[in-house]
2 protein chains.
Amino acid sequence: MKLNERHLMQLAAVLDAGGVSEGAAMLGLTQPAVSRSLNMLEARVGEPLFVKGRRPLQATQLGFQLAAQGRTIITASRKASDAVQGFMKGTKGVVRVGGVPFFMDAMISRMIGEFQNLEPEVTVQQSYLNLPEMVAALEGNQIELGIVPIGVLDLGPGFEFTEILPGRNIVACRPGHPLLRNRRLRAHDLTSFPWVAPLPGSPLMSDLQMILMSIGMSDLNIRYSGGSLMSVINYLAETDALAVLPFSVVFAQRKENRVTVLPYEIPQPNRSLGILRRVGGLRAPAAERFAAHVTTSFENLRHIIKRHENAVVWGR
Amino acid sequence: MKLNERHLMQLAAVLDAGGVSEGAAMLGLTQPAVSRSLNMLEARVGEPLFVKGRRPLQATQLGFQLAAQGRTIITASRKASDAVQGFMKGTKGVVRVGGVPFFMDAMISRMIGEFQNLEPEVTVQQSYLNLPEMVAALEGNQIELGIVPIGVLDLGPGFEFTEILPGRNIVACRPGHPLLRNRRLRAHDLTSFPWVAPLPGSPLMSDLQMILMSIGMSDLNIRYSGGSLMSVINYLAETDALAVLPFSVVFAQRKENRVTVLPYEIPQPNRSLGILRRVGGLRAPAAERFAAHVTTSFENLRHIIKRHENAVVWGR
DNA sequence: CAGCTTCATAGCAAAATGCTATACAAGCGG
DNA sequence: CCGCTTGTATAGCATTTTGCTATGAAGCTG
């Protein structure tokens, strides 16, 4: 007994509107069209849906039950339309963002919160990815956006990279670290403390190698590795260990005053943090909106950093 | 942006089945039909619903969202079909029963419970009505069944009355009542105790008038009136008051041992308790089932009463 | 009971839906 | 890397459904 969904909707409209004519008007149809639909539905069901010969149009119990289903169909249909409209305006839907762990934890997660204060109906699905997986995820349409530091020539065809922050690493330590008392640091000062190694596969890992070479030491004393940003900061705060971190990540934590910048010049990577996405990919207005939000947020952040550096002697 | 509900359902089926051909099969359609539907939906939406050129058919985020709505439409449609089937078999739906208060409280409410142990998907809406309102309610299709005591010629055309129990009233009192010690009761014994009057408008009220006349007294000492069955029984149990009650109602309470029958012959009304319904009315299989259940329950009750009367000296 | 409102029916045009046959494209194995 | 398999899109056609306007029929109301 397969019923016509359109008929169920019309039945619901008629019962809700209190009459065939009104129900038809509610649906933007004419009264005869709806009248016939009701007849066809009744014929298919084989039971009366209305009490005959009653002017204030009275439905039977079965009529009410079918109308209830019709109502849910109507609302489902409306929700579908809303989803489309919301998608096109970028005010509804799902945005899947992949990103390198430290930046996601330090900055992007906050920005997701800010963004959703503006667009509460956009869902964000975050995942932790480094560059190779991110490219694969973008190509496989698993994510719309990637937050990743990337070298100038690393991006292949079909990808678009929007720079949001120049790459700049620093050596981080706890605020009361002994080395902060030194007037002028030398390379061997750094090697005399334990180091935190970033997550394997992360860009910071290769940066650490580079620093190693610039210091001229073949290996550092690495006693902790693999932690997320919160783990690393907690660890740094408790020990005299050092870590290579993006400056912006440390900056974002300045209010907590648990880590600071050790004034020692290290070689900078030729990379920029940015948003990676496919150019030929599907339109995803909500993702574009989110990307725009992230971009302007970082724009503001750059100004704040500049003001901060002009105002206080920080990390130098 | 009005979307075609049928298309949404087909989208859902395709995503659930994992392919156009499988989805089409699931809906009992051919692959080209569904393929075209998807194209039409996509054209209407104006956004891709599938990632092009992927063999394990991958939907876009928007595609998933629309499919979700399609799924709810499918389930609503299925529920509607189930409602029809259940209605025809009498295993689903709503049965609205009106009845005189004391019988509903004493007997029918229990039977509703028994019935729903067999048919858990049938909802019963009970209402308290006396004969005039009941006829109106049946005519206005507010109820399917009426439980009412009725005289032989009271029913008009278009109504069907199924007798379930002959009317038989008794005088009820508490088990320890002083009158129960009397070997042979006389009319003036009865008038020396206070009486409970039934709900105004109920058949029992006219029965009480009849008894009044037979006793030859113009008025009884009525000190309590208007209570439901539970109120009346509670009142009788606490006092030496007397009340006119249907025998079956008192019998149904025999286990509680709070009221009993005073062995005094009173004039019997020319009425029977039965089920009243319209003959020309709509088919309502669930109501028919319920009526059948009530009928057989009373059938059993009659036998129980007979056995009881043969076994014990009860109220005489 | 006359008039008003509302629903049902008739007839027709247009759109949608379904089918079969066939072309096309993405994976996959040799 | 080429052909094969599998699954999807397109074409063409018949049928059904849907919508409309015009008009008849039936309840309610004063």
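Because the structure is a prediction, the values reported are computed rather than measured. The figures here come from the full heavy-atom set of this structure, side chains too, leaving out hydrogens, waters and symmetry mates.
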Modelled atom types, side-chain donor and acceptor of B:E5 and A:S77, under 3.5 Å: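 The criterion, which ignores hydrogens and geometry beyond distance, is satisfied for A:S77 and B:E5.
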Taking atom [atom2] of [N] as reference, at what distance in whole Å does atom [atom1] of [X] sit?
{"X": "B:Q31", "N": "D:dT6", "atom1": "CD", "atom2": "C1'", "result": "11 Å"}
{"X": "B:M9", "N": "C:dG18", "atom1": "CE", "atom2": "C1'", "result": "15 Å"}
{"X": "B:N4", "N": "C:dA15", "atom1": "CG", "atom2": "P", "result": "15 Å"}
{"X": "B:L29", "N": "C:dG18", "atom1": "CG", "atom2": "P", "result": "5 Å"}
{"X": "A:L27", "N": "D:dT18", "atom1": "CG", "atom2": "C1'", "result": "13 Å"}
{"X": "A:F50", "N": "D:dA26", "atom1": "CZ", "atom2": "P", "result": "19 Å"}
{"X": "B:L38", "N": "C:dT17", "atom1": "CG", "atom2": "P", "result": "12 Å"}
{"X": "A:L11", "N": "C:dC7", "atom1": "CG", "atom2": "P", "result": "13 Å"}

Under-4.0 Å side-chain N/O to phosphate OP1/OP2 contact, B:Q10 with C:dG18: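 B:Q10 to C:dG18 OP1/OP2: side-chain N or O found under 4.0 Å.
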At under 4.0 Å, does any side-chain N or O of A:H7 touch on OP1 or OP2 of D:dT17?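 For A:H7, the contact criterion (side-chain N or O under 4.0 Å from OP1 or OP2 of D:dT17) is not met.
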Give a yes or no answer on whether the side chain of [X] reaches the backbone of [Y] with a donor-acceptor pair at less than 3.5 Å.
{"X": "A:S202", "Y": "A:P198", "answer": "no"}
{"X": "B:S109", "Y": "B:M104", "answer": "yes"}
{"X": "B:R6", "Y": "B:S37", "answer": "no"}
{"X": "A:Q69", "Y": "A:L66", "answer": "no"}

Out of D:dT10, D:dT8, C:dC19, which has the shortest distance to the side chain of B:P32?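 The answer is D:dT10.
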DNA chain C: A:S35 or B:M40, which has the more 5' nearest nucleotide?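 Looking at DNA chain C, the more 5' nearest nucleotide goes with A:S35.
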Please tell me which of A:N39 and A:R6 maps to the more 5' nucleotide of DNA chain C, matching each residue to the nucleotide holding its nearest heavy atom.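 Looking at the nearest nucleotide for each, A:N39 comes out on the 5' side.
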Under 4.0 Å, heavy atoms only, any strand: does A:S21 hit a base, just the sugar-phosphate, or nothing?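 Result for A:S21 = sugar-phosphate.
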Salt-bridged, B:E288 to B:R277, with N to O below 4.0 Å?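 Salt bridge present between B:E288 and B:R277.
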A:E42 and A:K52 ion-paired at < 4.0 Å: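 So A:E42 pairs with A:K52 through a salt bridge.
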Please list, pair by pair, any protein nitrogen or oxygen found under 3.5 Å from a nitrogen or oxygen in nucleotides 12-14 of chain C.
none

